[in-house]
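All ligand and atom numbering here is 1-based and tracks the order in the structure. Basis for what follows: all heavy atoms, side chains included, without hydrogens, waters or symmetry-related copies. Residue numbers count from 1 along this sequence.
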Amino acid sequence: MKVDLHTHTTASDGSLSPKDLLASAIENEIALLAITDHDTVAGVRSLLLDSSGHDLESTGIKVLAGVEISTQWKGSDIHIVGLNIDLENEELNGSLRNQAALRLRRAKQIALKLEKYGMEKVYERVLEIAGGENIGRPHFAQYLIEQNKVKDFKQAFSQYLAQGKKAYVKTEWPDIADAISWIKAAGGLAVLAHPARYKLTASKTRVLVGYFAENGGSALEFNGPSSKSEKDKLLLALCDQHKLAVSLGSDFHHKESKWQRLGFTIPLPDNYQGVWELFCES
Ligand code: AMP
Ligand code: MN
Ligand code: MN
Ligand code: MN
């Protein structure tokens, strides 16, 4: 069964609308798709609830409500994916409103920093690029490219947006444990998003996974085959040690990306439990 449990839409920094993402997932023969926008469920909500879901049934694909929550841990930005969540849960929705406020405040601060470098009306333009108030750093990257300040996304991050660079703003994101508890309150399972991608040493990765597991996390996420296999080996050993399941997600944002293609993940390793088996049981 082909699954993709980490994807973005225009509700955050993805370029496909939820409907177009769904069409693309069907084309790619994905059987189980989770939409996991940064700190919002607006995209998946529009697909599952507002269109009352009936076209979905005839397509044969199962769409799960998900979210990717921004957190911080020992000075690093860590992302926690929530899968199979109840979209009506007040505790989760209230927390996501707080996340949205933090994001908006950060966006205004980033805009002010860029204006110090002579750019004008940054916030207004980025708001247009984002198509709403859920502004992420990729929208600023797009702005910087548009203004010919950088040549591509990579340069936008390495010169302006990445941690410690010219327009980086530190955000007081919640603790990992809080994000896990909101997800569980909404009946979902918490996944540590792309653990191979954080710039952490092996020993710090062990501590991170231990903290995630102790606080009720259910699975570690594995991405495309391009991910570093040494890191993957360590992460599989940590799944065994902490009795965590495996989640598979591409972290799809847009069709142009070579490595984050829809459904592009490693296969489920032998003798490991897929996180989807946990909620398909219940
Ligand atoms: P934010 O959620 O606003 O902090 O932005 C983080 C998002 O920026 C990630 O989900 C990626 O989509 C993107 N991103 C982070 N680092 C880079 C990078 N070095 N190059 C391109 N995109 C990046
Ligand atoms: Mn993103
Ligand atoms: Mn992420
Ligand atoms: Mn993501």
Side-chain angles (χ1 to χ4, degrees), residues 4-16 21 33-41 43-44 66-73 76-83 96 99-111 113-114 126-127 129-130 132-145 150-174 176 179 190-200 208 212 220-224 226-227 247-262 264-265:
D4 194 334
L5 303 181
H6 187 157
T7 65
H8 295 272
T9 74
T10 45
S12 65
D13 54 1
S15 64
L16 298 185
L21 176 71
L33 172 77
I35 297 181
T36 56
D37 278 305
H38 295 286
D39 301 307
T40 181
V41 293
V44 73
V67 66
E68 181 175 15
I69 301 179
S70 308
T71 74
Q72 59 183 340
W73 178 78
S76 297
D77 288 337
I78 301 294
H79 290 172
I80 305 294
V81 160
L83 295 176
L96 294 180
Q99 295 288 92
L102 287 174
R103 238 174 214 285
L104 199 59
R105 195 165 71 204
R106 180 188 67 163
K108 288 176 180 163
Q109 290 167 334
I110 295 175
K113 285 205 168 184
L114 290 176
V126 168
L127 201 54
I129 292 173
E133 291 188 338
N134 194 348
I135 300 173
R137 283 179 287 167
H139 301 120
F140 282 98
Q142 214 173 312
Y143 171 87
L144 289 163
I145 294 167
V150 297
K151 65 174 193 312
D152 55 19
F153 266 71
K154 207 173 157 201
Q155 203 180 30
F157 276 85
S158 66
Q159 290 189 359
Y160 289 94
L161 302 167
Q163 197 158 356
K165 304 302 172 183
K166 288 176 183 168
Y168 180 76
V169 172
K170 188 174 166 11
T171 310
E172 293 300 320
W173 296 120
I176 291 173
V191 175
L192 181 60
H194 44 67
R197 255 197 261 147
Y198 303 119
K199 291 194 180 87
L200 298 174
L208 168 65
F212 170 77
L220 302 186
E221 183 184 273
F222 291 78
N223 314 105
S226 69
S227 70
S247 185
L248 299 176
S250 66
D251 203 3
F252 173 85
H253 284 75
H254 37 78
K255 286 187 170 170
E256 293 71 37
S257 168
K258 196 166 153 200
W259 300 113
Q260 295 170 314
R261 297 199 310 269
L262 211 47
F264 191 62
T265 69

Checklist outcome for this item: Counting heavy atoms under 4.0 Å, the part of Asp13 that contacts ligand 1 is side chain
Starting from [atom], locate the nearest protein heavy atom and write down its residue, its atom name and how far away it is, to 0.1 Å.
atom: atom 15 (C) of ligand 1; answer: Phe157 CE2, 3.4 Å
atom: atom 3 (O) of ligand 1; answer: Arg106 NH2, 2.6 Å
atom: atom 2 (O) of ligand 1; answer: Arg103 NH2, 2.9 Å
atom: atom 12 (O) of ligand 1; answer: His253 NE2, 3.0 Å

Item to check | CG on Leu21 to CD1 on Ile35, rounded to 0.5 Å | outcome: 5.0 Å
Item to check | His38 backbone or side-chain N/O/S under 2.8 Å from the Mn ion (ligand 3) | outcome: no
Checklist entry - Hey, does the side chain of Asp4 reach the backbone of His6 with a donor-acceptor pair shorter than 3.5 angstrom? => result yes
Item to check | Distance under 6.0 Å and angle within 45° of ring axis: Lys165 vs Tyr160 | outcome: no
Considering all heavy atoms of both residues, which atom of [X] and which atom of [Y] are nearest to each other, and what is their separation?
X: Leu200; Y: Ser76; value: CD2-OG, 3.7 Å
X: Val81; Y: Thr36; value: CG1-CG2, 3.9 Å
X: Ala193; Y: Tyr198; value: O-OH, 2.7 Å
X: Gly43; Y: Asp37; value: CA-OD2, 4.3 Å

Exercise: do [X] and [Y] side chains pair donor with acceptor under 3.5 Å:
X: Ser12; Y: Asn134; answer: no
X: Asp251; Y: His8; answer: yes
X: His253; Y: Asp13; answer: yes

Checklist entry - What about His79: any of its N or O atoms under 3.5 Å from an N or O on ligand 1? => result no
Checklist entry - Does Ser70 reach ligand 1 with a nitrogen or oxygen that is under 3.5 Å from one of the ligand's nitrogen or oxygen atoms? => result no
Item to check | Option nearest atom 4 (O) of ligand 1 (shortest heavy-atom distance, choices Gln155, Arg137, His194) | outcome: Arg137
Item to check | Atoms of ligand 1 close to Pro138 [distance to a heavy atom under 4.0 angstrom, numbered from 1] | outcome: 5 (O), 7 (C), 8 (O), 12 (O), 13 (C)
Checklist entry - What atoms of ligand 1 come within less than 4.0 Å of a heavy atom belonging to Gly136? => result 3 (O)
Item to check | Name of the Asp251 atom (N/O/S only) found closest to the Mn ion (ligand 4) | outcome: OD1
Checklist entry - With respect to the Mn ion (ligand 4), what is the nearest N, O or S atom of His8? => result NE2
Next on the checklist: Restricting to N, O or S, what is the name of the atom of His79 that lies nearest the Mn ion (ligand 3)?
Outcome noted: ND1
Checklist entry - Please state the angle at the Mn ion (ligand 4) spanned by OE1 of Glu68 and NE2 of His6: what is it, rounded to 10 degrees? => result 90°
